[in-house]
Amino acid sequence: MDSDLIRRAQAGDEQALAELLKEHYSFIVKYVWKMSGDEQLAYDVTQDTLMKAIQKINQFHHRSKFSTWLIQIATRTYLDYKRKQKKKDKLDEKLRNEFPRSPVSFSNDWHEVQEALWKLEDEHRIPLVLKHYYGYDYKDIAKMTKVKVGTVKSRVHYGLEKLRKELRMDDR
Amino acid sequence: MTDEKTSKSMEEKLQEAARHTDTKMEPTEPALAYFENLIEEQTALWYRRLWFELTCLWGSAFIFISFLIFSLFYVPLLFVLAQVISIIVLIRYFYKERYEMVEMRQ
């Protein structure tokens, strides 16, 4: 279904391209949101990602999934944004309010993990999200983030270490 | 052993966090018209850029051809040199394109 839409979009069918982008819109917003913890930034990066996808649709060679290709563009766009802004990451208060801590905290671990993840630096957080949230292998992550496979492995390792430390600190 | 166990449970926690976060996030998805407008805008932008690039190309071609005519009559050696450089650049371009095509097929 997707590949038919992609082929039609590559042949110049604008309706097919619009449907394809609509189909993947939420996926990209959620990815950037999870990666950055900033809802507004997620929408901005997604819009830029879609614009780049429209311009480069003919450069998609069907070697990977279309969603993987979009994630690659979104990751690079997000990194460009961060480079331009050079701002410190801010936790999204709105999102925090949407995920209130339950008075009975028996299964609220995931909330703490998510918050701890957002406290990490980009270089550790992005590979961790791609590896453990989306299940990409190291080679794909290296391609998406334009770093060597060994660097990705060590960043995932140190990211997990930092996350562990962060969660232990929260426990105190 | 313990470290491996901790690491594994951390990975599980991450996957659980991903699942929960995913269900809690509800992005506002725009209507199909938004995507159609975006595509129209980008297509118009692409055509504008294409026209600009073509104008630049024709402009530089005009300047280069004028320079060649001038050199042919007044400095023939410069004319020959320009031809040789052009041929080298063209050969390099074709080799590079051929190499990239082979790489893409692999």
Side-chain angles (χ1 to χ4, degrees), chain A residues 9 12-34 37 39 42-43 46-47 50-55 57 61 63 95 98-99 107-118 128-129 131-135 156-157 159-161 163-164 167-168, chain B residues 1-57 93-94 96-106:
Chain A
D13 185 342
E14 290 186 0
Q15 190 65 32
L17 183 56
E19 279 173 35
L20 192 66
L21 296 180
K22 186 173 163 53
E23 209 176 278
H24 290 85
Y25 183 82
S26 294
F27 175 75
I28 297 298
V29 174
K30 281 184 180 183
Y31 165 65
V32 185
W33 195 349
K34 271 184 250 174
E39 186 182 3
Y43 285 110
T46 303
Q47 170 137 345
L50 296 184
M51 276 160 30
K52 285 179 186 168
I54 294 166
Q55 288 163 10
I57 187 71
H61 298 302
R63 280 185 226 137
L95 192 69
E98 278 172 13
F99 300 164
S107 65
N108 221 3
D109 270 3
W110 66 272
H111 183 254
E112 283 174 15
V113 173
Q114 185 61 62
E115 286 216 23
L117 190 72
W118 281 331
L128 269 181
V129 168
K131 175 81 184 141
H132 295 296
Y133 275 28
Y134 289 89
V156 168
H157 175 78
L160 281 173
E161 282 289 310
L163 206 57
R164 226 174 279 138
L167 289 169
R168 267 182 213 148
Chain B
M1 182 69 187
T2 321
D3 193 45
E4 202 175 290
K5 205 178 163 187
T6 328
S7 162
K8 200 182 169 191
S9 69
M10 180 56 71
E11 285 165 13
E12 280 166 2
K13 275 183 182 177
L14 274 170
Q15 279 155 13
E16 197 196 340
R19 244 188 349 264
H20 278 98
T21 315
D22 211 74
T23 49
K24 291 279 177 184
M25 285 174 172
E26 285 170 1
T28 327
E29 196 176 286
L32 192 66
Y34 164 82
F35 297 96
E36 287 167 351
N37 284 340
L38 197 67
I39 293 166
E40 259 178 43
E41 272 173 29
Q42 288 305 307
T43 313
L45 199 74
W46 185 81
Y47 276 112
R48 265 208 303 277
R49 208 164 42 228
L50 184 72
W51 273 110
F52 176 73
E53 281 172 13
L54 278 177
T55 311
C56 287
L57 185 76
Y93 172 77
F94 281 115
K96 202 180 145 201
E97 284 294 305
R98 221 179 114 191
Y99 175 76
E100 276 174 11
M101 282 288 280
V102 171
E103 212 176 38
M104 263 173 69
R105 273 182 204 147
Q106 283 168 352

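Values reported hereafter were calculated over all heavy atoms of this structure, with side chains retained and with hydrogens, waters and symmetry mates removed. Note that the structure is predicted; figures quoted are calculated from it, not measured. Naming convention: chains lettered A, B, ... in sequence-line order (proteins, then strands); numbering from 1 in each chain.
Chain B forms the most heavy-atom pairs under 4.5 Å with one residue out of A:Val29, A:Leu17, A:Thr46, and that residue is A:Leu17.
The shortest heavy-atom contact between B:Glu29 and A:Ser26 is OE1-OG, 2.9 Å. Contact detail for A:Lys34 and B:Ala18: the closest heavy-atom pair is NZ-O, 4.3 Å.
Residue A:Tyr31: no heavy atom, backbone or side chain, is found under 4.5 Å from chain B. Only the side chain of A:Ile54 comes within contact range of chain B, with at least one heavy atom under 4.5 Å from a heavy atom of that chain.
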Query - A:Lys131 and B:Leu14: CA distance, side-chain angles, deciding distance, side-chain contact (heavy atoms from CB on, under 4.5 Å) verdict - result: CA-CA 10 Å; A:Lys131 175 81 184 141; B:Leu14 274 170; over 6 Å; no

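No side-chain heavy atom of A:Glu23 sits under 4.5 Å from any side-chain heavy atom of B:Phe35. Under the 4.5 Å side-chain criterion, counting only non-hydrogen atoms from C-beta, B:Gln42 is not in contact with A:Leu50. Proximity of B:Lys24 to A:Gln114: side-chain heavy atoms (C-beta onward) are nowhere separated by under 4.5 Å. Here the side chains of B:Thr43 and A:Glu14 are in contact, with some heavy-atom distance below 4.5 Å.
Atom CD of B:Glu26 sits about 8.0 Å away from atom NZ of A:Lys30, to the nearest 0.5 Å. Note that the CD1 atom of B:Ile39 and the CE atom of A:Met51 stand 12.5 Å from one another [nearest 0.5 Å]. Taking NZ of B:Lys13 as the start and CG of A:Leu160 as the end, the distance is 11.5 Å to the nearest 0.5 Å. A:His132 NE2 to B:Gln15 CD: the interatomic distance, rounded to the nearest 0.5 Å, is 7.5 Å. Atom CG of B:Leu32 is separated from atom OH of A:Tyr25 by 13.5 Å, given to the nearest 0.5 angstrom.
At distances below 3.5 Å, at least one donor-acceptor pair connects side-chain atoms of A:Tyr43 with backbone N or O atoms of B:Thr28.
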